[in-house]
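Single-structure report; data block below.
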Amino acid sequence: MTTKRILIIDDEYDIRAVAELALKTVGAWQVSTAASGSEGIAKAVAEQPDAILLDVMMPDMDGIATFQALQAHPLTQSIPVILLTAKAQATEKRRFAELAVKAIITKPFKAMKLPAQIAAALNW
């Protein structure tokens, strides 16, 4: 079985670091990170990860705009995306559900359970 590759796109260093550590140690996956939507898109094109964990609230280019850009690009449109958000209200969840994302994980998340949540959402 090949090792899964995950790209984490989040503007908060602490969130990236905790998620990366959990995905590497518990999930035994390869992880790369990006601190902004534009950096994340460039890495997604270059690295072709198996999945993307994408923060919704980021400055400049938010997660929704980043997701739409990924969907519009032929090299990244088939990469499954899981949203990471602190906005867990019903209206936001309905809005996110209209997008073609694989799952929504709310912040704060339990780091040690994150790999299992991602694996379940993607049927890995």
Side-chain angles (χ1 to χ4, degrees):
M1 186 172 129
T2 59
T3 301
K4 298 295 185 186
R5 294 171 301 126
I6 306 283
L7 171 60
I8 301 167
I9 305 172
D10 196 308
D11 63 310
E12 295 180 55
Y13 172 80
D14 292 346
I15 299 289
R16 287 195 315 271
V18 168
E20 180 178 12
L21 182 63
L23 298 180
K24 283 182 173 178
T25 57
V26 178
W29 297 332
Q30 292 178 2
V31 180
S32 61
T33 63
S36 68
S38 55
E39 180 188 358
I41 292 165
K43 282 195 171 188
V45 169
E47 298 173 8
Q48 293 292 294
D50 295 304
I52 297 171
L53 191 59
L54 175 60
D55 182 29
V56 172
M57 292 175 46
M58 295 187 291
D60 301 322
M61 183 179 211
D62 71 8
I64 303 305
T66 303
F67 175 75
Q68 290 167 337
L70 289 165
Q71 290 294 293
H73 197 294
L75 292 176
T76 56
Q77 63 187 2
S78 64
I79 300 171
V81 174
I82 295 174
L83 292 180
L84 196 57
T85 182
K87 289 188 168 191
Q89 304 302 322
T91 53
E92 282 93 7
K93 283 188 175 181
R94 277 195 297 277
R95 187 170 139 235
F96 300 151
E98 292 171 4
L99 301 171
V101 296
K102 293 296 179 185
I104 301 164
I105 295 175
T106 55
K107 292 180 186 178
F109 55 86
K110 296 203 182 312
M112 300 317 253
K113 292 185 177 183
L114 188 60
Q117 288 179 284
I118 292 171
L122 300 174
N123 296 313
W124 286 356

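One-based numbering along the sequence shown.
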Please determine whether residues [X] and [Y] belong to a single hydrophobic cluster, defined as Ile, Leu, Val, Met, Phe, Trp and Tyr linked transitively by side-chain heavy-atom distances below 4.5 Å.
| X | Y | value |
| --- | --- | --- |
| I118 | V26 | no |
| I9 | L99 | yes |
| I6 | M112 | no |
| L114 | W124 | yes |

Do the non-hydrogen side-chain atoms of [X] and [Y] ever get within less than 4.5 Å of each other?
| X | Y | answer |
| --- | --- | --- |
| I41 | M61 | yes |
| K4 | L122 | no |
| T66 | I52 | no |

Over all heavy atoms of both residues, which pair between [X] and [Y] is shortest? Give the atoms and the distance, please.
| X | Y | result |
| --- | --- | --- |
| A22 | A111 | CB-O, 3.1 Å |
| G37 | M58 | N-CE, 3.9 Å |
| A44 | L70 | CB-CD2, 3.8 Å |
| L7 | G40 | CD2-O, 3.4 Å |

When rounded to the nearest 0.5 angstrom, what distance separates [atom1] in [X] from [atom2] in [Y]?
| X | Y | atom1 | atom2 | value |
| --- | --- | --- | --- | --- |
| S78 | Q71 | OG | CD | 9.0 Å |
| I79 | D50 | CD1 | CG | 8.5 Å |
| K110 | I105 | NZ | CD1 | 13.5 Å |
| T33 | E39 | OG1 | CD | 7.0 Å |

Assess whether atom NZ of K107 is packed by more than 12 heavy atoms of other residues, nucleotides or ligands within 6.0 Å.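 Correct, the count exceeds 12.
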Quickly, which of D62, V56, T76, V81 forms a side chain to side chain contact (heavy atoms under 4.5 Å, CB included) with F67? Name it, please. V81
Before you tell me yes or no, could you show the steps for V101 and L54 under side-chain contact (heavy atoms from CB on, under 4.5 Å), namely the whole-Å CA-CA distance, both residues' side-chain angles and the distance that decides it to 0.1 Å? CA-CA 10 Å; V101 296; L54 175 60; over 6 Å; no
State which residues pass side chain to side chain contact (heavy atoms under 4.5 Å, CB included) with K24; sequence neighbours excluded, sorted by chain then number.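 For K24, the residues satisfying side chain to side chain contact (heavy atoms under 4.5 Å, CB included) (neighbours in sequence not counted) are E20, V31.
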Could you tell me whether D55 and R16 have a side-chain N and a carboxylate O separated by less than 4.0 Å?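 Looking at R16 together with D55, the answer is no, because their closest N to O distance does not fall below 4.0 Å.
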In chain order, what residues pass the side-chain hydrogen bond (donor to acceptor under 3.5 Å, both in side chains) check against E47, with sequence neighbours excluded? S32
